[in-house]
Amino acid sequence: MPGFELFGDLERKEVNDVLDNGVLMRYGFDGMRKGHWKAKALETELKHTFKINHVQLVSSGTAAVSVALASAGVGAGDEVIMPTFTFVASFEAIMMLGAIPVLVDIDDTLTLDPKAVEEAITEKTKAVMIVQMCGSMGDMNALRNICTKHNLLFVEDACQAIGGTYEGKPLGSIADLGCFSFDFVKTITCGEGGAVITNKAEYYKNADHYSDHGHDHVGQDRGAETHPFLGYNFRLSELHAAVGLAQVKRLPEFLAIQKRNYTILRDALSQVPGVTFRRVPEGGEESYAFLNFFLPDLETAREVSTAFKNNGIDACFHYYDNNWHYIRKWDHLKNVKSLYPISKEVKQGLETLQNRKFEQSDHFIARNISCLIKLSWSEEEVSKRATNMVSCVQKALNN
Ligand SMILES: *Cc1c(COP(=O)(O)O)cnc(C)c1O
């Protein structure tokens, strides 16, 4: 997945354009720029990439989720449904607005189970946020139908799935709003950065103003701009945008390498009886950023994970025992370890997690191994890796 692996002259040229004139900020300073508008140019590129009407760059993927929700009016006391398997950014971004994260089970797609979503809806529910984890997606039509039926906002966190599609549409462009990250380990990187995408002009206008202190961006004089509403600073700098501009032009190349490497590994593991794969919904195509597979039980998954580590197979994760991506180890969330006071309703919402079991999620995450697909591997290296992986898995299955 990581764009940082392939970094070179194109990136340097774009960054040097910015250093040439010294305008490191995306707004204003028109006279000094010598025509360089990297953030604007990146937004235009991303509109083509995502086949979407509007793109607002922001400072991170986490910021993108907060800005997306804020732009659609989600805030204090509203419940946002999200999956148990995700990155910590999901609940952070929701809580930043005073909203309540409501965690629900995943299914064999490794993201939101539509049935679990429907069961979690209350009169306080305002939005459903799917997280397209590890390059693939959930049952988008089923989730969309639930949102329509209950009049809920539908948001996609596609931070890990740039380049994936569903029924021909880019992931991130299907829900009401989509969120992307361009941090240092994502498929394309700005160093740090993110984007909110939408086809709704009003959400876009809100995201544009909100991510820059509520400034309305009318006219040439920043000091003379009015503030239709309160905002915050989630701006992306021109330096970061310049890196992203070079990277986004290489996205097709990155995706082709991912697909090649993924396919070699998957074909090899498919030959092993006892190995199954995550379900990709009909009409969907993964971004091939990760290869996810299941073993028959937790013990075998642990054995495989250890064997991979002992045999130099890096970048594979058993999220059940990992602190980053699964609710099981999020004690800081369950115990509401906040530096500052949190509202009573958010606290009450989180405290329900302390005794809550997510057996269905455990069933999938306990048995899942998730392998990052790197761009820097040669074909020969991937083939060797595949043989090595198969041997580790077979050994564990025979134990
Ligand atoms: C990386 C990531 C984020 C957060 O992005 P940052 O740019 O690091 O803030 C959010 N959600 C998911 C699924 C991610 O993988």
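Order of appearance sets the numbers: ligands from 1, and atoms from 1 within every ligand.
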Identified side chain to side chain donor-acceptor pair (under 3.5 Å) counterpart of Arg328 within the set Thr84, Asn323, Asp321, Asp362: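 The option that passes is Asp321.
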Salt bridge flag under 4.0 Å for residues Glu286 and Lys259: no
Is ligand 1 under 4.0 Å from a heavy atom in the side chain of Glu192, in the backbone, in both, or in neither?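 Neither part.
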Residue part near ligand 1, for Asp157, under 4.0 Å between non-hydrogen atoms: side chain
[X] heavy atoms, cut-off 4.0 Å: which ligand 1 atoms fall inside?
{"X": "Thr62", "result": "4 (C), 5 (O), 6 (P), 9 (O)"}
{"X": "Val131", "result": "13 (C)"}
{"X": "Ser60", "result": "7 (O), 9 (O)"}

Nitrogen or oxygen atoms of [X] and ligand 1 under 3.5 Å apart:
{"X": "Ala89", "value": "no"}
{"X": "Ser90", "value": "no"}
{"X": "Thr86", "value": "no"}

Just grab all the disulfide bond (SG atoms under 2.5 Å apart) pairs involving residues 350-399, residues at least two apart or on different chains.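 Qualifying pairs, neighbours excluded: Cys316-Cys371.
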What protein heavy atom is closest to atom 8 (O) of ligand 1, reported as residue, atom name and distance in Å?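 Sorting protein heavy atoms by distance from atom 8 (O) of ligand 1 puts Asp183 OD2, 2.6 Å first.
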Among all protein heavy atoms in this structure, tell me which lies nearest to atom 2 (C) of ligand 1, with the distance rounded to 0.1 Å. Lys186 NZ, 3.0 Å
Flag for Glu303-Asn399: side-chain donor and acceptor within less than 3.5 Å: yes
Side chain of Ser305, backbone of Ala301: donor and acceptor closer than 3.5 Å? no
N/O donor-acceptor pair under 3.5 Å between Thr111 side chain and Met137 backbone: no
Would you check if the distance from the ring center of Phe290 to the ring center of Tyr262 is below 6.0 Å? no
